[in-house]
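Scroll down for the structure; my scribbles are underneath it.
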Number of protein chains: 2
Amino acid sequence: MESKHCIDGIIAALKKTARPGKQAGERKGYHHGDLRTALIHAAEDLLAERGAEGFSLREVARRAGVSPGAPAHHFSSAAGLLTEIAISGFDQLAADLQRIAETDLPPAERLQAQGIAYVRFGLKQPGRFQLMFRHDLLLPDNDRLHAAGKTAMKELEETVRLYRTAQGRPADDAEVMRLCLAIWSMVHGFLQLTLDGKFAALAPDGSIDAFVVSELPAIIKATWP
Amino acid sequence: MESKHCIDGIIAALKKTARPGKQAGERKGYHHGDLRTALIHAAEDLLAERGAEGFSLREVARRAGVSPGAPAHHFSSAAGLLTEIAISGFDQLAADLQRIAETDLPPAERLQAQGIAYVRFGLKQPGRFQLMFRHDLLLPDNDRLHAAGKTAMKELEETVRLYRTAQGRPADDAEVMRLCLAIWSMVHGFLQLTLDGKFAALAPDGSIDAFVVSELPAIIKATWP
DNA sequence: AGATCGATCTGAACACTGATAAGATTGTCA
DNA sequence: TGACAATCTTATCAGTGTTCAGATCGATCT
């Protein structure tokens with residue numbers, strides 16, 4: 001009995017890490033085995049390929065080799081599936097920011113690095129990033145989603161507090177919040193405008209990402225030296 | 001002959017300003033008379049009610065009292081109609097910014113006022129604003145759209161140039177561009193995050209607009225004094 | 001071991017969407 | 001008046017998310 005349960009756990013873990021089922025038709029029988037995570041993986045792939053607007057729940061089911069009605073047994077709706085992906089996106093973002101917070105860089109450089117990391121995150125995963133800020137595609141009032149978003153922002157908040165105190169300026173909650181909103185807004189807007197192609201004319205050779213990554217540090221450092 | 005054409009012009013002008021056809025069934029006969037502008041008005045109303053995601057070309061046709069296929073004779077596609085609305089949005093935004101540029105405020109206050117005007121524009125017309133930055137819903141490579149966007153940004157650019165020279169700091173093209181990107185990114189990101197509800201937790205009494213309008217000036221002035 | 005039962009998936013609906021094409025209608029112009 | 005081009009209707013197509021009765025399967029209980 002006990003050994004059986006143990007083996008089941010190992011098998012389930014192997015299935016998750018091995019990422020099977022990406023090819024349709026790999027299924028053993030009527031039951032998929034781990035459809036929930038297979039759907040999430042398929043959705044992440046689709047999001048990476050076509051962006052948030054090219055997403056389609058039926059296409060995800062198709063890629064998982066399953067009928068259009070199958071996802072309903074694992075997610076309340078398309079928004080439910082997308083919400084999971086948005087949550088893991090905020091988790092990844094928080095991890096990226098935390099990695100910088102744990103360095104021994106001076107506060108100013110730490111702040112700048114976090115801003116750059118925010119933009120890099122969005123450039124690497126445009127579809128996922130834009131999804132994270134499309135509340136019309138996500139479940140409203142989802143506690144885990146809100147919590148994940150706040151966790152990511154806490155990373156920035158702590159850095160801002162250090163930055164202010166290192167500057168010898170007041171670091172009360174109101175001042176910290178204002179600077180948080182300021183830098184978050186700037187990197188977020190910069191990223192959104194980039195992803196929407198509004199800076200296309202500024203990059204002569206057509207490589208927007210290169211332009212963005214080269215100009216952004218100068219912009220941030222000029223604003224918050 | 002000539003008087004007839006003249007009268008036709010007057011009638012057409014009256015129709016445009018009077019905004020008829022908002023109620024379905026007001027049509028005289030088989031032909032609508034001024035369906036193109038009626039569709040634009042209906043689309044603007046729908047956008048104001050349900051936002052960019054609630055938009056539907058069929059619903060617009062329904063509101064104009066016309067069949068689903070009718071819009072195809074006036075716009076190449078749904079994106080064609082939405083592009084017209086985005087263009088007029090950039091025109092309005094440019095006018096708002098220009099109104100401030102024509103005042104005799106000192107450059108710093110002028111810059112701050114333009115940032116605040118940008119956010120106010122988006123708060124007043126959230127659906128239209130978000131549409132303006134959803135290139136997946138608009139016609140790609142539309143010259144008039146790109147031109148309208150650039151015109152709006154020129155208003156900001158001139159103010160930035162004044163601001164830099166008034167500060168006695170270098171105002172070459174590269175520096176002006178960087179500051180333009182910085183302030184545009186911040187107000188744009190601030191607005192996007194607000195409209196996506198990411199600041200909802202910060203406004204205690206639930207009135208986000210009031211919170212935003214009260215905090216934004218402090219944030220901008222703290223960043224660019 | 002065998003029956004049962006809940007979880008899982010299918011397949012077919014339903015009500016939508018945007019786009020397209022053939023035909024009906026109308027205004028205009030020669 | 002007749003012809004023509006612009007305009008609008010109607011029907012159709014392919015696609016979407018969601019729902020639901022029924023098929024299938026794994027696991028659990030007797």
Side-chain angles (χ1 to χ4, degrees), chain A residues 1-5 7-9 11-12 15 21 24-39 42-43 46 50-83 134 136-139, chain B residues 1-5 7-9 11-12 15 21 24-39 42-43 46 50-83 134 136-139:
Chain A
M1 258 292 216
E2 273 215 326
S3 65
K4 193 169 182 301
H5 276 110
I7 289 173
D8 282 346
I11 290 174
K15 277 181 185 167
E26 274 193 27
R27 293 167 50 203
K28 285 160 285 185
Y30 197 94
H31 280 36
H32 183 282
D34 196 8
L35 182 56
R36 190 189 146 87
T37 63
L39 289 170
L46 181 56
R50 303 189 199 169
E53 269 311 304
F55 176 85
S56 148
L57 187 58
R58 289 180 104 105
E59 173 65 20
V60 167
R62 226 170 278 136
R63 291 180 178 214
V66 114
S67 77
H73 297 272
H74 297 273
F75 301 98
S76 58
S77 64
L81 169 55
L82 290 173
T83 298
R134 282 287 300 276
D136 55 293
L137 298 181
L138 304 174
L139 290 180
Chain B
M1 258 291 217
E2 273 214 325
S3 64
K4 193 169 182 300
H5 277 109
I7 289 174
D8 282 346
I11 290 174
K15 279 182 184 165
E26 273 195 27
R27 293 168 50 205
K28 286 161 283 185
Y30 197 94
H31 281 36
H32 182 282
D34 195 7
L35 182 55
R36 189 189 146 89
T37 63
L39 289 170
L46 182 56
R50 303 189 199 169
E53 270 312 303
F55 177 85
S56 148
L57 187 58
R58 289 180 105 103
E59 173 66 20
V60 167
R62 227 170 278 137
R63 290 183 177 211
V66 113
S67 77
H73 296 272
H74 298 273
F75 302 97
S76 58
S77 63
L81 169 54
L82 290 173
T83 299
R134 283 286 301 277
D136 55 292
L137 299 180
L138 304 175
L139 289 179

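This is a predicted model, so every value here is computed, not measured. Protein chains get the first letters and strands the later ones, always in sequence-line order, with residue 1 at the start of each.
- Between the CG atom of D34(A) and the C1' atom of dC9(C) there is a distance of 15 Å, rounded to whole Å.
- Of all nucleotides listed (dA19(C), dT16(D), dC9(C)), dA19(C) comes nearest to the side chain of L57(B).
- D136(A) contributes atom CG, which lies 7.5 Å from atom CG of L138(A) (distance to the nearest 0.5 angstrom).
- Between S76(B) and L139(B) the shortest side-chain heavy-atom distance falls below 4.5 Å.
- Taking 4.0 angstrom as the limit, S77(B) places none of its side-chain polar atoms (N or O) nearer than this to OP1 or OP2 of dG18(C).
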Between protein and nucleic acid, restricted to nucleotides 4-6 of chain C and to nitrogen or oxygen atoms under 3.5 Å apart, what atom pairs and distances do you find?
none

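- Using a 4.0 Å heavy-atom cutoff across all strands shown, A78(B) reaches sugar-phosphate atoms only and no base atom.
- Taken to the nearest 0.5 Å, the NE2 atom of H74(B) stands 6.5 Å off from the CG atom of L39(B).
- Taking atom CZ on F75(A) and atom P on dT19(D), their separation rounds to 16 Å, with Å as the unit.
- Residue R62(B) places at least one side-chain N or O closer than 4.0 Å to OP1 or OP2 of dT17(C).
- For the pair H73(A) NE2 and dG11(C) P, the computed distance is 13 Å after rounding to whole Å.
- Going from atom CG of L137(B) over to atom P of dA19(C) covers 11 Å, rounded to whole Å.
- Atom pair E59(A):CD and dT16(D):P shows a separation of 7 Å (rounding to whole Å applied).
- Taking every heavy atom of both residues into account, T83(A) and A79(A) meet most closely at OG1-O, 2.6 Å.
- Rounded to an integer number of Å, the gap from CG of D136(B) to P of dT17(C) is 19 Å.
- Ranking dT18(D), dT20(C), dC8(D) by closeness to the A72(B) side chain, first place goes to dT20(C).
- Taking CZ of R62(A) as the reference point, atom OG of S67(A) lies at 11.5 Å (rounded to 0.5 Å).
- Interatomic distance, R63(A) CZ to L46(A) CG, rounded to the nearest 0.5 Å: 4.5 Å.
- Proximity of F75(A) to L82(A): side-chain heavy atoms (C-beta onward) are nowhere separated by under 4.5 Å.
- Closest approach to the S56(A) side chain among dT10(D), dG17(D), dC9(C) is made by dG17(D) (side chain taken as heavy atoms from C-beta onward).
- If you measure from atom CG of L81(B) to atom P of dA19(C), you get 10 Å, rounded to the nearest angstrom.
- Which of dC9(C), dG17(D), dC8(D) sits closest to the side chain of H74(B) comes down to dC8(D).
- Atom pair L35(B):CG and dT26(C):C1' shows a separation of 14 Å (rounding to whole Å applied).
- Of the candidate nucleotides dT9(D), dG17(D), dC9(C), dG17(D) has the atom nearest to the side chain of R58(A).
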